[in-house]
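The next block holds one structure in the form of structure tokens; read it before the comments.
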Amino acid sequence: MVSDVRILGTGQLIELQRKLRAAGNENLRANMQRRVRRAAEPLRDDLQQTIRALPIRSEGRKAGKRGGPSPTTRPLRATIAGAIRISVRNTSGDAGARVWVDKSQLPPDLKNMPDTINSGRIRHPVFGNRRRWATQTASPPWWNSTVRKHTPRMQREVARVLDDVRRQLE
């Protein structure tokens with residue numbers, strides 16, 4: 001299941017934000033947010049590249065069946081890749097970096113498609129005909145495996161940012 005990814009150390013981040021506000025050092029706070037965002041950017045870029053290159057296979061046409069061009073010119077994988085976002089929040093209980101698929105950026109009929117592709121099995125009507133269905137497969141799980149690969153690096157980077165800011169405050 002595609003979900004958002006959060007790199008947290010919420011207690012440390014919230015405590016550090018309070019100290020930054022008390023110190024009144026806006027440059028230091030902005031620098032911390034920028035560095036946390038930079039820690040998450042390689043994950044976002046890799047997720048976008050992975051979905052763009054993800055092979056989606058079908059059984060192919062059966063003998064004697066008709067086919068034709070796609071009724072839509074909308075590129076599925078590029079649309080999903082364009083909806084992957086990063087946000088950095090350091091002021092609430094959800095402090096940290098968050099990488100997620102912004103479903104508001106997807107067309108209404110594709111809102112569940114990131115989860116569906118991540119499951120590995122895509123069933124859909126053939127050219128909108130609800131009496132004929134096709135099944136396509138994707139290499140699951142594109143989201144989970146990519147996130148798992150990047151998590152240790154992101155955690156190390158955020159810990160280094162927190163240590164640097166803590167040192168500058170003292």
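Just so it is clear, the structure is predicted and the values come from calculations on it, not from any experiment.
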Q) side-chain hydrogen bond (donor to acceptor under 3.5 Å, both in side chains) with E41: which residues, sequence neighbours excluded? A) none
Q. Taking only residues two or more places apart in sequence, or in another chain, which ones meet Q136 in a side-chain hydrogen bond (donor to acceptor under 3.5 Å, both in side chains)?
A. H124
(Q) Suppose we screen for side-chain hydrogen bond (donor to acceptor under 3.5 Å, both in side chains). Which residues come up paired with R34, at least two apart in sequence or across chains? (A) N31
Q.
Taking N112's backbone N and O only, do any of them form a donor-acceptor pair with K103's side chain (distance below 3.5 Å, no angle check)?
A. no
Q: Evaluate the criterion side chain to side chain contact (heavy atoms under 4.5 Å, CB included) for residue pair L76 and M113; output intermediate values, then yes/no.
A: CA-CA 9 Å; L76 171 68; M113 193 53 73; 3.6 Å; yes
(Q) Return the CZ to CG distance between R52 and L47, rounded to the nearest 0.5 Å. (A) 11.0 Å
Q: Search all heavy atoms of W143 against all heavy atoms of W100 and return the closest pair with its distance.
A: CH2-CA, 4.0 Å
Q: To the nearest 0.5 angstrom, please state how far the CZ atom of R77 sits from the CH2 atom of W142.
A: 12.0 Å
Q. Who passes salt bridge (charged side-chain N to carboxylate O under 4.0 Å, His left out) against R37, sequence neighbours left out?
A. none
Q | Donor-acceptor pair, side chain of D102 and main chain of A83, under 3.5 angstrom | A | no
**Q.** Residues forming a side-chain contact (heavy atoms from CB on, under 4.5 Å) with P55, sequence neighbours excluded
**A.** R57, S139
Q: Return the set of residues passing side-chain contact (heavy atoms from CB on, under 4.5 Å) with R123 (not counting sequence neighbours), or none when no residue passes.
A: R121, W133, T135
Q. For R130, which residues count as a salt bridge (charged side-chain N to carboxylate O under 4.0 Å, His left out) partner, sequence neighbours excluded?
A. none
Q) Tell me, which pairs form a salt bridge (Lys or Arg N to Asp or Glu O under 4.0 Å) where one or both residues lie in residues 135-157, sequence neighbours left out? A) D46-K149, E157-R160
**Q.** From CZ (R85) to OG (S104), nearest 0.5 Å
**A.** 7.5 Å
Q: Identify the heavy atoms of I84 and Q48 that sit nearest to each other, and give their distance.
A: O-NE2, 3.7 Å
Q.
Please find the pair of heavy atoms, one from L43 and one from V99, that lie closest to each other, and give the distance.
A. CD2-CG2, 3.9 Å
Q. Sequence neighbours excluded, which residues qualify as side-chain contact (heavy atoms from CB on, under 4.5 Å) partners of Q168?
A. L28
Q.
Do I56 and T137 have side chains that approach each other closer than 4.5 Å (heavy atoms only, starting at C-beta)?
A. no
Q) Who passes side-chain hydrogen bond (donor to acceptor under 3.5 Å, both in side chains) against N129, sequence neighbours left out? A) none
Q.
Is there a side-chain contact between P114 and L106 in this structure, where contact means two heavy atoms from C-beta onward sitting under 4.5 Å apart?
A. yes
Q.
Given I80, which partner from the list L54, L110, I117 fulfils the side chain to side chain contact (heavy atoms under 4.5 Å, CB included) test?
A. I117
Q | Residues in salt bridge (charged side-chain N to carboxylate O under 4.0 Å, His left out) contact with R35, at least two apart in sequence or another chain | A | D164
